[in-house]
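Numbering of ligands and ligand atoms starts at 1, following listing order. Computed from a prediction, not measured in an experiment: that's the story for all the values here.
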Amino acid sequence: MQFGVISIFPEMYQALTDFGVTGRAVDKGLVSVDVWNPRDFTIDKYQTVDDRPYGGGPGMLMKVEPLKYAIEAAKAKLGSQSKVVYLSPQGETLTQDKAQQLAQEASLIFLAGRYEGIDERLIETQIDEEISIGDYVLSGGELASMVVMDSVIRLVPEVLGHDMSAVEDSFVDGLLDCPHYTRPEEHEGRKVPDVLLSGNHEKIRQWRLKQALGRTWEKRPDLLAKRDLSKEEDALLQEYKRDVQG
Ligand SMILES: CC(C)(C)c1cccc(C(=O)NCC2(NC(=O)c3cccc4nocc34)CCCCC2)c1
């Protein structure tokens, strides 16, 4: 899968291309990430990418032309059909389902805003969809684009490898994670739950599922509401509720 990014801070993307699962995916050639800097598509001596807002007001806006030419350069490499996504507070909030949808694309081009945003006419003429990673003020769209890219790259076949994709399934089966433990068996008087030391894999599976259901019920009932429960899951959640009510 091919990713193009338009950003005035190309070096930021080393956070994605040089580390961990996403870095290995790039090394293995499963994923490519190319960044185009709008500054390279300016025609003035000062390489101006921003200008003052019509109507006055504080701050600067990103000019249309450098962004347009940068997007065209990205499309020349990744294909003119590439979907162009603007990371923006106005966007549809990212969910795992949206990540799954984006992962079906052969190539994606992300535009990261800076300053106070971009000229509306660029959105009208070049942007296919807007995505937001949540409701808080950010300094730019780069980190948001990397969040989206991380969530999508994990879904590209072979990126996680067979066993790890099973782990992914447990993450994205719509429940919060169960508690996890590793050595030592006791830390500051707190022991690892006996069931996890029992070697009884069916009991361990049930315990983990019960904990995931219970934690989702306690911390994110909205996720639970979106998920149908099997008979077993319903029974385990009832048991969890009885346990916490003592
Ligand atoms: C009501 C709310 C959401 C708090 C809000 C309202 C108005 C402006 C902002 C804001 O942060 N403007 C700055 C700006 N943010 C983003 O790009 C951005 C923010 C949040 C999630 C994102 N996901 O993708 C991109 C995102 C970066 C600089 C270029 C202009 C956009 C925020």
**Study point:** Protein heavy-atom partner closest to atom 14 (C) of ligand 1 - residue, atom, separation in Å
**Key:** Leu138 O, 3.7 Å

**Study point:** Arg114/Glu142 salt bridge by N-O under 4.0 Å criterion
**Key:** yes

Point to revise | Presence of salt bridge, Glu186 and Arg190, under 4.0 angstrom | key: no

Point to revise | Candidate with minimal heavy-atom separation from atom 21 (C) of ligand 1, of Gly141, Ala144, Ser139, Gly134 | key: Gly134

Point to revise | Sub-4.0 Å heavy-atom approach of Ile131 to ligand 1 | key: yes

**Study point:** Salt-bridge contact Arg227-Glu233 (side-chain N to carboxylate O under 4.0 Å)
**Key:** yes

Review point. Heavy atoms of the protein only: does one fall short of 4.0 Å from atom 4 (C) of ligand 1?
Key: yes

Exercise for review: Please indicate whether Asp228 has more than 12 foreign heavy atoms, meaning atoms of other residues, nucleotides or ligands, lying under 6.0 Å from its CG.
Suggested key: no

**Study point:** atom 28 (C) of ligand 1 [closest protein heavy-atom partner, distance rounded to 0.1 Å]
**Key:** Tyr115 O, 3.5 Å

Practice item. Out of Pro89, Gly117, Gly140, Ser145, indicate the one that has the non-hydrogen atom closest to atom 9 (C) of ligand 1. Key: Pro89

Practice item. Could you tell me the residue and atom name of the protein heavy atom closest to atom 19 (C) of ligand 1, and the distance to it rounded to 0.1 Å? Key: Tyr136 O, 3.5 Å

Review point. With the threshold set at 4.0 Å, does a side-chain nitrogen-carboxylate oxygen contact exist between Glu202 and Arg205?
Key: yes

Review point. Is atom NZ of Lys77 surrounded by more than 12 heavy atoms (other residues, nucleotides or ligands) closer than 6.0 Å?
Key: no

Review point. Where the closest heavy atom to atom 23 (N) of ligand 1 is concerned, which of Val85, Val148, Ile133 has it?
Key: Ile133

